[in-house]
Every structure is written in C-alpha cells, then in structure tokens.
> 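Have a look at this one.
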Amino acid sequence: MAVTIEELYRNYGILADAKPEDLSQHKDAYQGILDGVKGGPKEKRLAAQFIPKFFSSFPELADAAINAQLDLCEDEDVSIRRQAIKELPRFAAGENIVRVADILTQLLQTDDSAEFNQVNTALVSIFKMDAKATLGGLFSQILQGEDIVRERAIKFLSIKLKTMPEDAMTKEVEDYIFTETKKVLEDVTGEEFVLLMRILMVLKGLQTMSGRQQLVELVVEQAFLEQALNPADPDTVDRLLQCTRQALPLFSKNVHSTRFVTYFCDHVLPNLSSLTSPVAELDIQLEVLKLLAEMSPFCGDMEKVETNLTMLFEKLLELMPLPPEAEGENGENTLSDEPKLQFSYVECLLFSFHQLGKKLPDFLIDKINAERLKDFKIRLQYFARGLQVYIRQLRVALQGKTGDALKTEENKIKVVALKITNNINVLIKDLFHNPPSYKSTVTLSWKPVQKAEAVALKRPSGEDMGAGSTMKKQLSPPLPRRDARQIYNPPSGKYSATIGNFSNGEDGAGALGFRGAGWKTDVQTYLFISPIL
C-alpha cells in the first residue's frame, strides 16, 4: 500500500521532534519516508526533501536512501527530478561523495536546460566540499561512461574548473587532475583534446616554465611527431593542426618549438601542395604556413638548421616568380601572363626564413651557390618592385579614412593587404643587405597590433615604404585575439578514425578572404598584382 501525504508528515514529525541521540530508535519512521518514492507526485516531492534531511542519522539505511533519491532523480516528472537533484549534495559525505559525483555526472545527459543547470550547481557544490572525491566521480564517467556523459563531463570541467576557489585547488587535486587527464588523452576526439588542454592550462602548477614544458610534451605525444606525415589523410593532417594550435600559446624563449618547427620543415613543407584539408573551406597550405611562422620565433637550437633553411628557401623560390619577359616569341605583349604574387604565403615563409636565418646568418652567403643566390635576388627584387607600387596605391586609397570608413569589407581587405605587403617589404630589405641582416622586427599580419607600433597616418617617404606595421593602429581597430578566432569547427570522432580551431585554433587573415591563389575574385585587384615594371 502506497504511503500517503499524511503518513509522510507524521513520520517527519516523529523524526523532527526526536532528540538527536534518540533518532536511531525511529528507523521505521525513516523507512516510511523512503517508501514515499513509491507514491504519487506529491508524495515523491515530499520524500525528495525529507530523505536527505535525516540521511546522516541512519547509516544502516544509507544505500537504501541514496537509491531512493536516485529513483526520484530519474522520475518522469521533471519537477520531481529537479527537487531530487537539488538535494543530492546533502548525501555527499565521506565515502558517498564519489558515488554522488558519479550519479550527478550521469545526470548531465539531461536535455532539460533547467535540470542541467541544477546538476551543474550540485556538482560545483560538492566540488567545494571535497574536490578530489568529486573529480573521482567525474573522471570515472569520462573514462567509462556513455559518449554523451563523457562529452558533457569534459565540458563541465573545462568551464567550471577555472572558477573553483583556490583553497579547493590544492597541489594534490591538481596532480590528480593531471594524472587522470593523461589517461583520458590516450583515446580522444579532436574536440575533447582541445577541451582537455584547456583544463590543464588553468592548473597553477602547470603555468610555470617547467609546467608549460610538461604540457608541450603531452602535445608532442598526441601529435605523433616521430611518425611520417600522410598528406593524403585529412585526419592525420587535422591531428597535426590541432596539436600545433594547442602548443602555440605554450611556447616562449624558454619553452621551445624546435620539434614542431623541425617536423614542419621535414614532413609538411615537402608535401605542402598535396596536403588534404580536413575541412573544405580551409586553405590548408596557408594554415600550416601561418602556424609555422608563429612557431618560428620560439625555436631553440636545431641539429638541422641548414636543412630546414634550405627547405624554406626552396619553397620561397617556388612562390617568388622570376620577372616575365616583356614580349613573347612572336613579339606580342605577354603582360596578361605575368605571374600572380601570393602575398600571404610569402609573408609566412619569409618570416619563418628570417627567424631561422638568425641561427645561421651566413646561410645565403656560404650555403647557397652564387648562381642560385643571384636567381633568388632577382626574384626578391621583382617582388619588392611590385610591393612598392602596391603599397603606394593602398596608402593613397586609405589616406584620411577613419572610423566607419575603415569598417567596410573593401577597406578591411586593403588594411590587411597593407600589413602583409609592409611586412614582406621589411623582410626583403633585410635580405638585400650585404651581408644579409636578420635584425628587423615585424608583427605578422593576422596577429593583434601592439599599441607601440601605432603612429599617425601620413604620406610615406621612400624610407617609410618598408616601415612594417607602423600604420596598423590608424588603419584598423585591433584584430581579435587568436583564441577568439576559430578558423573552423573540428570534426568529431576518435583520433584513430577522425580528429577534429586552435584556436588557439583559429586564424586571422583568412577570415577576410585571404586565401593565396584562391582570394576572392571581386577583390582580386587588392590581393594579387602583377607589378608595373
């Protein structure tokens, strides 16, 4: 026979009126409250409130009480479920915390937004009681639970962990998170990998130089840098992109990018034209060149610096054409056949070459034969002459434009084009020094502009033509930070099958349609030019 509302209130009254030391004598009254879960909606809502209130007084009925509350958490009536979930943290004591955390983690799979928020609140509540035990329940489900539970548990940690009070995030807790996360990383999707790295990056113990180095080692393991790259496999290419994006913010003058840069030079650049993009709209060649450029300033000592510079040199030769002949064989003008100048690609390659060139400053003098060096300088000169014309045209087009005038799509493209061409111009000037110089500093066109680089817009002199990024602040509002500009949403699936926007993923100039040979046709005048000779 089902328990009635009156019986529930009577049993509650017995327990509420009893002295604390006498509560254990009223086991039958507490059992009557547990039986309320078998009643109707009203009885269940009362039972959801009464069961946790006296839970600690009846340890012999602990399992039965938790199971009863769990039944209410799975009730068809969403209001009953919410009430039961709200009260779950009251069961979180001693050995029960892991079990309660495990239950709450499973409940993250709900599609009801209010209920989902209630579960989140309950998890945060017990995390503050015992962080390590709560993490035990979460990681248990991440490692063994259903896919939807695993996905939401990882997201919960990636969002909530950074908001937890400092006293809860002890060294023991952080060490536990690191150990368990390494287990999860043995088999993850691309999206999971990004979220797990986000979890690790908020740990105080990993924000030191040695901590960042540990994170880089983790990423290196995921990137499979000891294996050759299969350029035809989009999953393999995507894995490399994702890992590189996660490693980028960790690099510094003390935490080096050497292994990634070497891998790109050994395996990526030789296969640049045959790389298969994991996403149709992604210019994969531009993407990898931008990643290489961003890593190159943090490269440490290299065993194969000459080999790597040679590969960059060869790629520059491919992308920096010789000047066209003025006339064809039959005497007809061939101006329309002039090669297009791929500014975005060249900016990345020149920047990387310039950075690595600092490690072997005599490369162009001692390691390249005179004939090839002459050919290279002819190509540089041709490119530079085109840049001068183009930079002048862009400066004139942008002269006097401020505010909303610079926010039109056409002017945004011109602004970025000016940044790219200025950067290339500065780097080419360095290489034309005798001997070549590697002292100039530029900010890559898709990176946020530093305030110190901003100056008022003015008509440039001859010396100003290569002044790098000195006009960026005047011409354009600051670009979004790298981590705010995802270039695409990674596909889901296991790394062994499918791996998924850097974000730190995520990249800049491409967002304006800058796609090397694939730049938008309607703005082609501003993206590729055949210099006037």
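These values consider heavy atoms only, across backbone and side chains, with no hydrogens, waters or symmetry-generated copies.
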> Which heavy atom of P321 sits nearest to which heavy atom of Y382, and what is that distance?
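Heavy atoms only, the tightest pair is O-CD2, 3.4 Å.
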
> Measure the NE2-CG distance between H267 and N230 for me, rounded to the nearest 0.5 Å.
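CG of N230 is found 12.5 Å from NE2 of H267.
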
> Quick one: are T181 and M197 in side-chain contact, heavy atoms under 4.5 Å?
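In short, these two side chains do not touch, never coming nearer than 4.5 Å.
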
> With side chain to side chain contact (heavy atoms under 4.5 Å, CB included) as the criterion, how do F298 and L248 come out once you've worked through the C-alpha distance, each side chain's angles and the decisive distance to 0.1 Å?
CA-CA 9 Å; F298 308 112; L248 260 175; 5.5 Å; no

> For the CG atom of L444 and the CD atom of E294, what is their distance to the nearest 0.5 Å?
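Answer for the CG-CD pair, L444 versus E294, is 6.5 Å.
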
> First locate atom CZ of R259, then atom CD of E217, and finally report the distance between them rounded to the nearest 0.5 Å.
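Spacing of CZ (R259) from CD (E217) equals 4.0 Å.
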
> Out of curiosity, L350 CG to Y345 OH, how far, rounded to the nearest 0.5 Å?
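Answer for the CG-OH pair, L350 versus Y345, is 15.0 Å.
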
> Evaluate the side-chain proximity of C299 to K359: yes if any heavy-atom separation is below 4.5 Å, no if none is.
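They are in contact (side-chain heavy atoms under 4.5 Å apart), so the answer is yes.
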
> Indicate the atoms forming the closest heavy-atom contact of L275 with I284, along with that distance.
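Heavy-atom minimum between the residues: O-CG2, 3.8 Å.
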
> Working to the nearest 0.5 angstrom, can you tell me the gap between K377 NZ and L380 CG?
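That separation rounds to 9.0 Å.
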
> N120 vs L123, test: side chain to side chain contact (heavy atoms under 4.5 Å, CB included). Steps then yes/no.
CA-CA 5 Å; N120 273 262; L123 274 170; 5.8 Å; no

> Do other residues, nucleotides or ligands put more than 12 heavy atoms under 6.0 Å from the CG atom of N369?
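Yes - once you tally the heavy atoms of other residues, nucleotides and ligands closer than 6.0 Å, there are more than 12.
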
> If every non-hydrogen atom of T276 is compared with every non-hydrogen atom of D233, which pair is closest and at what distance?
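Closest pair (atom of T276, atom of D233, distance): OG1-N, 4.4 Å.
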
> To the nearest 0.5 Å, what is the distance between CG on N411 and CD on E409?
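Answer rounded to 0.5 Å: 10.0 Å.
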
> Taking atom CD of E303 as the centre, does the number of heavy atoms from other residues, nucleotides or ligands within less than 6.0 Å exceed 12?
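No - once you tally the heavy atoms of other residues, nucleotides and ligands closer than 6.0 Å, there are 12 at most.
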
> For K407 and D404, run salt bridge (charged side-chain N to carboxylate O under 4.0 Å, His left out): C-alpha distance rounded to whole Å, both residues' side-chain angles, the deciding distance at 0.1 Å, then the answer.
CA-CA 5 Å; K407 296 178 182 179; D404 292 340; 3.7 Å; yes

> Write down the atom of F363, the atom of E306, and the distance for their closest heavy-atom approach.
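Closest approach of F363 to E306: CE1-O, 3.8 Å.
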
> Can you check side-chain hydrogen bond (donor to acceptor under 3.5 Å, both in side chains) on D102 and T105, steps first, answer last?
CA-CA 5 Å; D102 189 283; T105 304; over 6 Å; no

> Going by heavy atoms in the side chains, are K414 and L418 under 4.5 Å from each other?
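Result no, sub-4.5 Å side-chain heavy-atom pair not found.
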
> Taking atom types as modelled, is there a side-chain donor on S273 or Q285 under 3.5 Å from an acceptor on the other?
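There is no such pair between these side chains.
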
> Under a 4.5 Å cut-off applied to non-hydrogen side-chain atoms, are W446 and I420 in contact?
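Answer no - side chains too far apart.
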
> In sequence, state the C-alpha distance, the side-chain angles, and the governing distance for S445 and N423, and then conclude on side-chain hydrogen bond (donor to acceptor under 3.5 Å, both in side chains).
CA-CA 8 Å; S445 60; N423 284 347; 5.0 Å; no

> In terms of the angle between their ring planes, are F313 and F353 parallel, tilted or perpendicular, with boundaries placed at 30° and 60°?
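Tilted.
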
> Answer yes or no: are there more than 12 heavy-atom neighbours, outside K162 itself, under 6.0 Å from its atom NZ?
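Result for NZ/K162: open.
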
> How about CD on E226, more than 12 heavy atoms from neighbouring residues, nucleotides or ligands closer than 6.0 Å, or not?
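More than 12 heavy atoms, drawn from other residues, nucleotides or ligands, come within 6.0 Å of this atom.
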
> Report the C-alpha distance between V188 and R150 in whole Å, list the side-chain angles of each, state the deciding distance to 0.1 Å, and finish with yes or no for side chain to side chain contact (heavy atoms under 4.5 Å, CB included).
CA-CA 11 Å; V188 291; R150 171 189 172 97; 3.8 Å; yes

> Evaluate the salt bridge (charged side-chain N to carboxylate O under 4.0 Å, His left out) criterion for residues D167 and K128: first the C-alpha distance (whole Å), next the side-chain angles of each, then the deciding distance (0.1 Å), finally the verdict.
CA-CA 9 Å; D167 58 351; K128 293 176 181 178; over 6 Å; no

> Looking at every non-hydrogen atom in both residues, tell me the closest pair between S277 and P234 and how far apart they are.
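That would be O-CB, 4.0 Å.
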
> Looking only at heavy atoms, what is the nearest atom pair of P297 and F351, with distance?
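Scanning both residues, the minimum pair turns out to be CG-CE2, 3.7 Å.
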
> Please say whether more than 12 non-hydrogen atoms of neighbouring residues, nucleotides or ligands are located less than 6.0 Å from CD in E146.
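Open: at most 12 neighbouring heavy atoms sit under 6.0 Å from CD of E146.
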
> Determine whether L250 and M201 make a side-chain contact, defined as any pair of heavy atoms from C-beta on separated by less than 4.5 Å.
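The answer is yes; the side chains approach within 4.5 Å.
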
> Give the C-alpha distance, both sets of side-chain angles, the deciding distance and a yes or no for side chain to side chain contact (heavy atoms under 4.5 Å, CB included) between L312 and L292.
CA-CA 11 Å; L312 288 165; L292 176 59; 3.9 Å; yes

